[in-house]
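Below is one structure, written out as structure tokens; the observations come after it.
Heavy atoms only: backbone and side chains are in, while hydrogens, waters and symmetry mates are out.
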Amino acid sequence: NGVMVFVSLAEHHLEIIAERDAHAAVPAGTWDRIVADATAKMPQSMADGLVAAISACGAVLAKAFPR
């Protein structure tokens with residue numbers, strides 16, 4: 001169960017592509033919220049925005065799929 005974080009620097013685009021079970025296990029709008037939060041940080045720091053997105057995805061997946 002996982003996600004792919006797709007970043008296109010040339011197009012200024014960030015997308016989270018969730019595997020079917022990962023997508024089904026989280027509330028609607030979760031991935032869109034993470035993208036919005038990350039892209040809001042990116043004008044100040046691209047790295048901070050990406051780290052925030054990856055950390056948020058990890059937290060969501062850990063909650064949905066505990067060990």
Side-chain angles (χ1 to χ4, degrees):
N1 300 310
V3 298
M4 178 177 74
V5 178
F6 174 78
V7 180
S8 173
L9 297 177
E11 297 173 349
H12 302 280
H13 181 76
L14 172 69
E15 186 173 348
I16 297 173
I17 302 167
E19 180 266 332
R20 182 189 65 222
D21 292 336
H23 182 71
V26 301
T30 298
W31 309 119
D32 292 334
R33 180 188 46 79
I34 292 172
V35 168
D37 291 348
T39 55
K41 293 178 175 142
M42 286 182 166
Q44 294 81 24
S45 172
M46 177 71 70
D48 288 346
L50 290 174
V51 168
I54 293 165
S55 296
C57 287
V60 167
L61 291 173
K63 191 178 219 181
F65 302 101
R67 288 186 189 197

(Q) Under the salt bridge (charged side-chain N to carboxylate O under 4.0 Å, His left out) definition, can you give me all pairs with a residue in residues 13-22, not counting sequence neighbours? (A) none
Scan the side chains in residues 57-67 for donor-acceptor partners under 3.5 Å anywhere in the protein, sequence neighbours excluded, and list what turns up.
none

Q | For D37, all residues meeting side chain to side chain donor-acceptor pair (under 3.5 Å), sequence neighbours excluded | A | none
Q: Specify the closest pair of heavy atoms between A38 and L14, including all atoms of both residues, with the distance to one decimal.
A: CB-CD2, 3.7 Å
Using atom types as modelled, flag every donor-acceptor pair under 3.5 Å from a side chain in residues 45-55 to any protein atom, sequence neighbours excluded.
| from | atom 1 | to | atom 2 | distance (Å) |
| --- | --- | --- | --- | --- |
| S45 | OG | D48 | N | 3.1 |
| S45 | OG | D48 | OD2 | 3.4 |
| S55 | OG | V51 | O | 2.9 |

Q. Pick from V26, I16, I34: which one makes a side chain to side chain contact (heavy atoms under 4.5 Å, CB included) with V3?
A. I16
Q: State yes or no: do I17 and L9 share one hydrophobic cluster built from I, L, V, M, F, W and Y residues joined by side-chain heavy-atom distances below 4.5 Å, directly or via other members?
A: no
Q.
Holding to side chain to side chain contact (heavy atoms under 4.5 Å, CB included), I want the full list of residues that pass it with E11, two or more places apart in sequence or in another chain.
A. S8, H13
Q.
List the residues meeting side chain to side chain contact (heavy atoms under 4.5 Å, CB included) with H23, not counting sequence neighbours, and say none if there are none.
A. A18, W31
